[in-house]
Visitor: 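Structure below; questions to follow.
A, B, ... follow the sequence lines: proteins, then strands. Residue 1 opens every chain.
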Amino acid sequence: MVVLIDSNNFYVSVERAFQPYLKNVAGCVMSNGDGCAIALSNEAKQLGIKRGTPFFELRDMLNQGKVWWRSSNYTLYQDMMRRITKIIKRSFPDQEIYSIDECFCDVSGHRYENLEDKGVELRARILKWVGVPVGIGIAPNRTLAKIANKLSKNTETGVFMMDTPAKIEEGLKATEIDDVWGIGPRYAIKLIQEGVYTAWDFIQLPEDYVLKLMTIQGRRTYRELKGEKCMPMEYDRPDKQAIATARSFRGFERELPPMEEALANYVANAALKLRSQRSVCAKIFVYAHTSRFAVITDRYSAGQEIKLEVATNDTALLIKEAVRALRMIFVKGYRYQKVGIELKELKPENQVQSSLFDRVDAGKNEKMQKALRAIDGMNAVYGKDTVRYAVMGYEKKWFMKQEYLSRKFTTRLEDIIVVKAV
DNA sequence: TCTGGGGTCCTAGGACCC
DNA sequence: TCTGGGGTCCTAGGACCC
């Protein structure tokens with residue numbers, strides 16, 4: 001059996017854990033840049049607010065005090081998840097942290113007297129120790145555990161176990177096709193056109209038909225819904241194959257220099273992630289575009305890929321190439337909304353192949369690696385960007401809005417003291 | 001005025017090889 | 001009339017996830 005622990009409205013629940021006066025009142029957490037709502041409390045859902053609703057459409061409700069809101073605070077959410085997984089591990093040691101608010105546990109290697117009771121106990125402990133409510137789904141595989149988890153939110157205990165064919169059938173019949181894990185909006189439309197409304201309808205289709213319509217990933221979902229176990233646990237997260245950083249500007253940018261400054265910051269951010277998994281990248285992709293809601297004649301979108309002569313994780317080299325790429329695609333006259341960088345073709349740094357015509361001499365490269373390690377070390381101690389490249393700028397006028405950011409209650413010393421004092 | 005960000009996997013089709 | 005066959009690698013784009 002597989003156990004899935006998934007937090008309810010996670011970001012909202014975390015904000016409430018530290019600001020109890022937000023409980024029982026409709027509220028939401030905004031996307032980066034405070035652009036739209038990405039997490040909603042149940043009360044907010046009842047008011048008809050949807051995930052993705054833009055901020056300006058909510059303004060009236062916010063002004064009337066009907067709904068509270070916070071900027072997203074990922075540092076805080078990540079740390080809270082770290083605490084939750086630690087607690088889970090005491091109950092179910094074989095865990096895979098799947099996302100910022102979900103954790104799969106494989107319990108097939110263990111014998112438990114009563115798995116459902118064990119789940120109820122775990123749920124209570126997380127609520128008591130961390131203050132975040134979770135739902136727990138238990139089923140023979142991941143896809144079914146997802147369904148059980150969803151159904152757990154309507155039970156009194158917050159735990160739902162699908163361990164018999166009858167319970168599975170009941171669960172599948174209660175699950176609309178677009179709520180099935182692995183079936184996104186595109187396939188859902190196609191399936192509904194075929195008269196497939198629920199997960200149960202879906203598994204009545206012939207397998208060949210599913211394969212043709214939805215490729216092998218669709219077939220995997222199909223087989224899992226039928227009870228087969230097709231997705232192995234991934235206990236150790238593999239290294240990333242691509243690293244991307246992009247943000248919308250605070251307003252719009254029309255000129256190249258501030259866009260270069262923003263891009264340099266994103267590159268530095270991505271390069272740091274690259275080094276932290278001890279990788280180098282062989283290719284970069286830089287893109288810039290206007291708002292997709294602009295009238296069509298004011299819309300522009302372009303990207304430029306650059307293949308690097310030698311794979312690297314040196315921030316300075318990457319910034320130089322990224323800025324070069326941006327200058328190739330920049331066209332004056334548009335109101336740019338976003339610029340971004342993707343680092344691609346990653347490989348371990350000890351497998352770098354030097355170019356036959358390498359212009360970077362090895363000694364210099366070794367020195368640069370030492371310098372980068374020193375910079376990363378200083379920034380880890382004294383704060384992000386304490387030591388930085390001049391092109392990254394100081395004022396950051398383009399930096400995204402975070403008008404109502406909660407404090408980093410658990411990770412910043414002064415905030416921890418404030419909480420204790422309260 | 002204003003609409004998020006960061007990933008993965010799969011497939012079709014083109015380029016190229018012998 | 002009819003114009004080989006078998007394979008690999010790469011990439012763009014589409015689908016999905018949170």
Side-chain angles (χ1 to χ4, degrees), chain A residues 4 6-7 9-11 28-40 49-60 62 69-74 77-78 81 96-104 142-143 146 149-150 177-191 210-221 224 230-231 234 237-252 262 266 269-270 273-274 277 282-283 285 287 289-295 298-299 303 305 307 335 337-346 400-403:
Chain A
L4 171 60
D6 177 326
S7 167
N9 318 325
F10 184 52
Y11 303 164
C28 56
V29 172
M30 294 296 175
S31 64
N32 268 324
D34 296 337
C36 64
I38 53 165
L40 304 165
I49 302 174
K50 298 261 183 303
R51 194 188 140 82
T53 304
F55 184 85
F56 62 88
E57 283 179 20
L58 297 175
R59 184 153 291 152
D60 284 347
L62 301 175
W69 69 281
R70 292 289 181 277
S71 303
S72 39
N73 187 344
Y74 292 103
Y77 309 148
Q78 196 74 61
M81 182 53 175
E96 173 189 334
I97 299 163
Y98 177 74
S99 76
I100 195 165
D101 74 329
E102 283 168 285
C103 179
F104 284 108
R142 291 169 169 243
T143 307
K146 274 275 192 182
N149 184 279
K150 182 122 188 161
I177 192 66
D178 58 343
D179 283 336
V180 174
W181 192 43
I183 298 180
R186 297 297 174 109
Y187 287 140
I189 289 171
K190 282 189 192 173
L191 288 166
V210 173
L211 177 62
K212 221 179 130 194
L213 188 74
M214 304 169 65
T215 79
I216 61 169
Q217 308 202 80
R219 183 175 65 184
R220 196 179 57 187
T221 298
E224 287 234 327
C230 309
M231 304 169 72
E234 280 184 7
R237 270 287 143 121
D239 281 346
K240 288 188 208 316
Q241 299 173 28
I243 292 171
T245 303
R247 295 284 180 283
S248 294
F249 298 123
R250 168 171 284 268
F252 291 107
Y266 306 154
N269 189 353
K273 289 186 200 165
L274 188 63
Q277 71 167 32
K283 198 183 255 181
F285 178 72
Y287 62 92
H289 59 76
T290 57
S291 168
R292 63 182 195 279
F293 300 98
V295 295
D298 293 341
R299 245 177 265 171
E305 197 171 82
K307 176 95 187 158
R335 303 164 75 226
Q337 184 217 6
K338 184 188 284 182
V339 59
I341 174 92
E342 289 174 15
L343 307 181
K344 305 162 83 156
E345 291 186 16
L346 309 193
M400 65 178 183
K401 271 187 283 190
Q402 286 184 317
E403 281 180 14

Visitor: Salt bridge check: are A/E342 and A/K283 linked by an N-O gap of less than 4.0 Å?
Guide: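 Result for this pair is no, no salt bridge flagged.
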Visitor: Please classify the nucleic acid contact of A/R220 as base, sugar-phosphate, or nothing, using heavy-atom distances under 4.0 Å.
Guide: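 Nothing, no heavy atom under 4.0 Å.
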Visitor: Can you label the angle between the A/Y74 ring and the A/Y77 ring as parallel, tilted or perpendicular, going by 30° and 60°?
Guide: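 Ring orientation, 0 to 90° scale: perpendicular.
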Visitor: On DNA chain B, check which nucleotide each of A/F56 and A/Q217 is closest to and give me the residue with the more 5' one.
Guide: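 Final value for this comparison: A/F56.
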Visitor: Looking just at side-chain N and O atoms, do A/E224 and A/T143 make a donor-acceptor pair shorter than 3.5 Å?
Guide: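 The criterion, which ignores hydrogens and geometry beyond distance, is satisfied for A/T143 and A/E224.
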Visitor: For the pair A/R51 (side chain) and A/I38 (backbone), establish whether a donor and an acceptor sit closer than 3.5 Å, ignoring hydrogens and angles.
Guide: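 Yes, the answer is positive, given that a donor and an acceptor are paired below the 3.5 Å cut-off.
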Visitor: Do A/Y98 and A/W181 have ring centroids that are under 6.0 Å from one another?
Guide: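 Close enough - the centres of the two rings lie under 6.0 Å apart.
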Visitor: Flag the pair A/E102 and A/K146 as a salt bridge only when some basic side-chain nitrogen lies within less than 4.0 angstrom of an acidic carboxylate oxygen.
Guide: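 A/K146 and A/E102: salt-bridged.
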Visitor: For A/K307, I'd like to know if atom NZ has over 12 heavy atoms of other residues, nucleotides or ligands within 6.0 Å.
Guide: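 Counting neighbours around NZ of A/K307, more than 12 heavy atoms of other residues, nucleotides or ligands fall under 6.0 Å, so yes.
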Visitor: Taking any heavy-atom pair under 4.0 Å as a contact, classify A/Q337: base, sugar-phosphate, or nothing.
Guide: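 Result for A/Q337 = sugar-phosphate.
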Visitor: Using a heavy-atom cut-off of 4.0 Å across all strands, would you classify A/Y11 as base, sugar-phosphate, or nothing?
Guide: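 Nothing, no nucleic acid heavy atom in range.
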Visitor: Across the strands shown, which category fits A/E342 at heavy-atom distances under 4.0 angstrom: base, sugar-phosphate, nothing?
Guide: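 Nothing, no heavy atom under 4.0 Å.
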Visitor: Looking for any heavy atom pair under 4.0 Å, which part of the strands does A/T53 touch: base, sugar-phosphate only, or nothing?
Guide: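 Contact class for A/T53: none.
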Visitor: Can you sort out which residues in residues 29-39 of chain A have a heavy atom within less than 4.0 Å of DNA chain B? Ascending by number, please.
Guide: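 Contacting residues: A/S31, A/N32, A/G35.
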Visitor: Report which part of the nucleic acid A/K50 touches: base, sugar-phosphate, or nothing (heavy-atom distance under 4.0 Å, all strands).
Guide: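 No contact at all - A/K50 keeps every heavy atom at 4.0 Å or more from the nucleic acid.
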Visitor: Taking the same atom, P, in C/dC18 and in B/dT3, what whole-Å distance lies between them?
Guide: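 The answer is 25 Å between these two P atoms.
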Visitor: Verify whether the ring centers belonging to A/W69 and A/Y11 lie closer than 6.0 Å.
Guide: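 Not under 6.0 Å, so no.
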Visitor: Identify whether any heavy atom of A/F293 sits under 4.0 Å from a base atom; if not, whether one sits that close to sugar-phosphate; answer base, sugar-phosphate or nothing.
Guide: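 If one applies the 4.0 Å heavy-atom cut-off, A/F293 turns out to touch a base.
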Visitor: What nucleic acid atoms does A/K190 come within less than 4.0 Å of, heavy atoms only: base, sugar-phosphate, or nothing?
Guide: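 The answer is nothing, as A/K190 stays clear of every strand by at least 4.0 Å.
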Visitor: Using a heavy-atom cut-off of under 4.0 Å over every strand shown, decide if A/R59 touches base, sugar-phosphate, or nothing.
Guide: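 Touches a base.
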Visitor: Counting only heavy atoms not in A/K240, do more than 12 sit closer than 6.0 Å to its NZ atom?
Guide: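 No.
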Visitor: In this structure, which stretches of DNA chain B are paired as stems of three or more consecutive Watson-Crick or G-U pairs, both distances less than 3.5 Å?
Guide: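 Listed by first number, the stems are B:5-18 with C:5-18.
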Visitor: Under 6.0 Å from the ring centre and within 45 degrees of the ring axis: does the NZ or CZ of A/K338 meet both conditions for the six-membered ring of A/F249?
Guide: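 Checked: cation-pi criterion not met.
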Visitor: Could you list where the contact with chain A starts and ends along DNA chain B, reading 5' to 3', using a 4.0 Å heavy-atom cut-off?
Guide: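 Contact boundaries, 5' end first: B/dT1 to B/dT11.
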Visitor: More than 12 foreign heavy atoms under 6.0 Å from CZ of A/R186: is that the case here?
Guide: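 No, the 6.0 Å shell around CZ holds no more than 12 heavy atoms from other groups.
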Visitor: Quick one: label A/K344 by what it contacts on the DNA or RNA (base, sugar-phosphate, nothing), any heavy atom closer than 4.0 Å.
Guide: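 No contact.
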Visitor: Can a donor-acceptor pair be found between the side chains of A/S7 and A/N9 at a distance below 3.5 Å?
Guide: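 No, no side-chain donor-acceptor contact under 3.5 Å.
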